[in-house]
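What follows is a single structure, written as structure tokens, with notes after it.
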Amino acid sequence: SLVAKCSLAGRLAGAATGVGMALAGWGVWSLVGQQIAAAAVGSLSVFFALAWRPRLRFSRSSLHDLSAYGIHVSASYVIGGAGEQALNLLVGALFGTTTLGYFAVALRIMQLVRHLMSSAVYYVGLSAFARLKDDRVAVSRAFLQSTRMSCLLGFPVGIGLSAASGPLVIVLSGPKWADSGPLLAVMALEMIPSFYALFTAALYRALGHPGWTLSLAAVSTALGLVGAAL
């Protein structure tokens with residue numbers, strides 16, 4: 001779809017910017033540059049690709065439809081962000097601020113790689129599942145094929161990220177963060193099973209069940225914090 005193509009263009013621009021800044025010696029600022037470039041290019045691509053422009057006109061029916069759907073999607077992201085901050089607090093409380101710093105750098109790199117891969121395919125899956133939502137057999141087939149493809153591509157990425165964690169941390173964040181490498185090596189392996197569920201959120205939302213994604217986010221965050229504490 002058009003939105004997926006624009007999102008992919010933004011992610012590619014962000015990846016190129018982040019890698020270029022890292023190689024130029026910008027360190028952790030390369031992550032900031034990556035986010036800004038991805039958002040800017042993705043937004044501008046949509047703006048120039050569509051003839052529609054927003055207008056100052058209020059629609060009560062549109063507000064009802066969007067809020068009923070969007071509140072679950074927004075709450076899912078809020079729970080995910082809150083869980084991440086709770087995890088940081090847990091690591092800092094148990095192991096101190098120095099370890100927390102190394103952990104945060106490793107976590108950020110892993111999330112960057114996963115975000116680059118998942119964000120673009122999310123919109124592709126969302127639009128594809130939405131078009132097929134009235135044919136559950138076709139939706140099931142599309143979801144199975146998408147999951148197979150995500151595993152085929154994602155498993156090598158997770159293994160490669162784990163194997164190259166040491167040099168990657170040094171390139172992106174600088175030599176002083178080299179101790180984040182072993183943490184990233186272990187955390188990258190967590191990406192492998194996550195590719196099984198890469199299209200789950202897109203599937204539920206396309207079928208009109210955003211609340212299911214919210215429930216999964218809450219359960220996943222709770223289990224993650226309990227597992228980290230143990």
Side-chain angles (χ1 to χ4, degrees), residues 1-55 66 69-81 84 104-131 142-143 145-147 149-158 160-161 164 168-169 171-173 184 187-188 191 194-195 197-206 210 213 217:
S1 67
L2 178 61
V3 175
K5 292 178 181 178
C6 294
S7 177
L8 179 60
R11 301 307 167 190
L12 292 176
T17 301
V19 172
M21 292 179 64
L23 294 177
W26 284 81
V28 295
W29 285 103
S30 60
L31 302 178
V32 178
Q34 179 269 330
Q35 293 288 338
I36 294 176
V41 173
S43 300
L44 288 174
S45 298
V46 173
F47 181 81
F48 289 111
L50 295 177
W52 178 85
R53 294 292 182 268
R55 291 179 295 175
L66 289 174
Y69 182 90
I71 190 171
H72 292 95
V73 177
S74 300
S76 299
Y77 289 114
V78 170
I79 289 177
E84 180 182 335
V105 169
L107 180 64
R108 182 57 184 152
I109 294 175
M110 187 191 71
Q111 290 178 331
L112 172 63
V113 175
R114 180 159 52 188
H115 184 66
L116 288 173
M117 296 188 63
S118 64
S119 58
V121 299
Y122 167 81
Y123 292 108
V124 174
L126 183 64
S127 59
F129 298 148
R131 287 196 299 267
F143 178 72
Q145 293 175 347
S146 300
T147 302
M149 288 298 299
S150 68
C151 293
L152 179 65
L153 297 175
F155 285 8
V157 170
L161 181 61
L168 185 62
V169 166
V171 170
L172 292 177
S173 303
L184 178 60
M187 294 165 63
M191 292 179 60
S194 71
F195 283 102
L198 190 62
F199 287 93
T200 302
L203 175 67
Y204 289 165
R205 290 167 183 168
T213 304

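Keep in mind that the numbers below use all heavy atoms, side chains included, and drop hydrogens, waters and symmetry copies.
To the nearest 0.5 Å, atom CE of residue Met110 and atom CG of residue Leu168 are 12.5 Å apart. The line from CG of Leu203 to OG1 of Thr213 is 8.5 Å long, rounded to the nearest 0.5 Å. Here Cys151 contributes atom SG and Phe195 contributes atom CZ; the two are 8.5 Å apart, rounded to the nearest 0.5 Å. With rounding to the nearest 0.5 Å, the separation of CZ in Phe143 from CZ in Phe129 is 6.5 Å. How far CG of Leu172 is from CD1 of Ile109: 5.0 Å, rounded to the nearest 0.5 Å. Note: Ser45 OG to Leu50 CG = 10.5 Å, rounded to the nearest 0.5 Å.
Side-chain contact between Val171 and Leu23 is present, with at least one heavy-atom pair separated by less than 4.5 Å.
Across Ala202 and Leu126, no two heavy atoms sit closer than the pair O-CD1, 3.5 Å. The nearest pair of heavy atoms linking Ser146 to Phe199 is O-CE1, 3.3 Å. A pairwise comparison of heavy atoms in Val73 and Arg205 identifies CG2-NE, 3.8 Å as the closest pair. Annotation for Ala39 and Ser43: closest pair O-OG, 2.8 Å, computed over non-hydrogen atoms.
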Distance-only donor-acceptor hits, side chain of residues 12-22, under 3.5 Å, sequence neighbours excluded:
{"unit_1": "Thr17", "atom_1": "OG1", "unit_2": "Ala13", "atom_2": "O", "d": "2.8"}

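Partners of Glu84 according to the side chain to side chain donor-acceptor pair (under 3.5 Å) rule, which considers only residues two or more places apart in sequence or in another chain, are Gln111.
In this structure a side-chain-to-backbone donor-acceptor pair under 3.5 Å is missing from Ser30 to Trp26.
Within 6.0 Å of CG in Leu153 there are more than 12 heavy atoms belonging to other residues, nucleotides or ligands.
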